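Accompanying notes for the structure given below.
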Amino acid sequence: QVQLVESGGGLVQAGDSLRLSCVVSGRTFSRLVMGWFRQAPGKEREFVAGISWSSSTTYYADSVKGRFIISRDNAKNTVSLQMNSLKPEDTFVYYCAARDGSRIYSKRTEYDYWGQGTQVTVSS
């Protein structure tokens, strides 16, 4: 059974930084493409960032490019999302996601496994 457990969410002020982490178990982590998504109540879950097996390839949504950094540590089965220069519009529940395969996709339906989500709230 694959489990993804996120941590690191919280309440911060605009301009602050926050680091989310996601620990994966039950699967060979180094063969999972990893992604972060976010969702507001009543809205579609949207892609934030994705990273390939070896970290050689990363993709970001335009809304976070230059502010967020996705990284992974295959030895620790962990993927992280460093969020800098946070804005109130970054307030969402953030989800860690994993997919079997080698390509990064931005569509949520391409991901096989999901975490429970962690709330990030940015006050102005």
Side-chain angles (χ1 to χ4, degrees):
Q1 182 178 351
V2 183
Q3 285 193 315
L4 287 70
V5 180
E6 301 106 333
S7 61
L11 172 63
V12 297
Q13 294 188 328
D16 285 351
S17 297
L18 204 58
R19 186 177 181 88
L20 306 182
S21 293
C22 173
V23 179
V24 181
S25 61
R27 204 74 171 176
T28 303
F29 181 75
S30 59
R31 285 297 175 261
L32 293 171
V33 167
M34 299 301 300
W36 287 95
F37 286 73
R38 63 189 189 183
Q39 187 173 22
K43 303 291 187 180
E44 290 290 316
R45 194 169 296 185
E46 63 181 42
F47 175 79
V48 176
I51 188 167
S52 62
W53 295 347
S54 64
S55 304
S56 60
T57 304
T58 56
Y59 287 116
Y60 296 92
D62 288 343
S63 57
V64 306
K65 204 171 293 183
R67 299 188 298 122
F68 290 12
I69 301 171
I70 188 171
S71 61
R72 66 190 294 162
D73 185 339
N74 287 347
K76 296 182 178 179
N77 289 5
T78 299
V79 61
S80 299
L81 186 68
Q82 177 67 40
M83 305 186 294
N84 301 319
S85 303
L86 282 162
K87 306 175 182 179
E89 51 264 44
D90 293 318
T91 295
F92 290 92
V93 176
Y94 284 74
Y95 295 89
C96 175
R99 67 177 305 273
D100 295 313
S102 59
R103 295 187 65 181
I104 301 171
Y105 288 93
S106 61
K107 290 176 61 176
R108 62 166 293 183
T109 53
E110 294 289 346
Y111 287 77
D112 303 297
Y113 314 106
W114 293 87
Q116 81 286 353
T118 185
Q119 176 71 46
V120 172
T121 303
V122 185
S123 63
S124 56

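Along the sequence shown, residues carry numbers from 1. Scope of the values below: all heavy atoms of this structure, side chains included, with no hydrogens, waters or symmetry mates. Only a predicted model underlies this, so the values are computations on that prediction, with no experimental measurement involved.
Under the 4.5 Å side-chain criterion, counting only non-hydrogen atoms from C-beta, V79 is in contact with W36. Using a 4.5 Å heavy-atom threshold, the side chains of V33 and W53 count as touching. Using a 4.5 Å cut-off on side-chain heavy atoms (C-beta onward), S52 and I104 make contact. When side chains are defined from C-beta on, C96 does not count as touching W114, because their heavy atoms never get closer than 4.5 Å. Contact of the T91 side chain with the Q119 side chain is registered, since non-hydrogen atoms from C-beta on lie closer than 4.5 Å. Between Y94 and M83 there is a side-chain heavy-atom pair separated by less than 4.5 Å. At least one side-chain heavy atom of E6 sits under 4.5 Å from a side-chain heavy atom of Q116. Within the 4.5 Å cutoff, the side chain of V12 has no heavy atoms near those of the T121 side chain.
For the atom pair CZ of F29 and CZ of R72, the computed distance is 4.0 Å after rounding to the nearest 0.5 Å. Within the model, atoms OG of S30 and CG of D73 stand 11.5 Å from one another, a figure rounded to the nearest 0.5 Å. Atom CD of Q82 is separated from atom CG of L18 by 8.0 Å, given to the nearest 0.5 angstrom. With rounding to the nearest 0.5 Å, the separation of OH in Y60 from CZ in F47 is 9.0 Å. Here the OG atom belonging to S102 is positioned 9.5 Å from the CZ atom belonging to R31, to the nearest 0.5 angstrom. To the nearest 0.5 Å, atom OG of residue S80 and atom CE of residue M34 are 10.0 Å apart.
In terms of hydrophobic clustering, with Ile, Leu, Val, Met, Phe, Trp and Tyr side chains grouped at heavy-atom distances under 4.5 Å, V23 and I51 are assigned to different clusters. In the hydrophobic clustering of ILVMFWY residues, with side-chain heavy atoms under 4.5 Å counting as a link, F92 and V64 come out together. Follow the hydrophobic side-chain contacts under 4.5 Å out from Y95 and you never reach L86; the two are in separate clusters.
Around OH of Y113, the count of heavy atoms belonging to other residues, nucleotides or ligands within 6.0 Å exceeds 12. Around NZ of K43, the count of heavy atoms belonging to other residues, nucleotides or ligands within 6.0 Å does not exceed 12.
Closest approach of G26 and V2 over heavy atoms only: O-CG2, 3.8 Å. Scanning all heavy atoms of the two residues, the minimum distance from S124 to A14 falls at CA-CB, 4.3 Å. Across every non-hydrogen atom of S21 and T78, the tightest pair is CB-CG2, 4.4 Å. Here the closest non-hydrogen pair linking N84 and S17 is OD1-OG, 3.0 Å. Summarising the geometry of C22 relative to L4, their closest heavy-atom pair is SG-CB, 3.9 Å, with the distance given to 0.1 Å.
A side chain to side chain contact (heavy atoms under 4.5 Å, CB included) with R38 holds for exactly one of V93, L81, D90; it is D90.
You'll find the ring centres of F37 and Y111 inside the 6.0 Å limit.
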*Given side-chain contact (heavy atoms from CB on, under 4.5 Å), test K87 with S63 step by step and report yes or no.*
CA-CA 11 Å; K87 306 175 182 179; S63 57; over 6 Å; no
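Taking the ring axis of Y105 as reference, the NZ or CZ atom of R99 does not stay both within 45° of it and closer than 6.0 Å to the ring centre.
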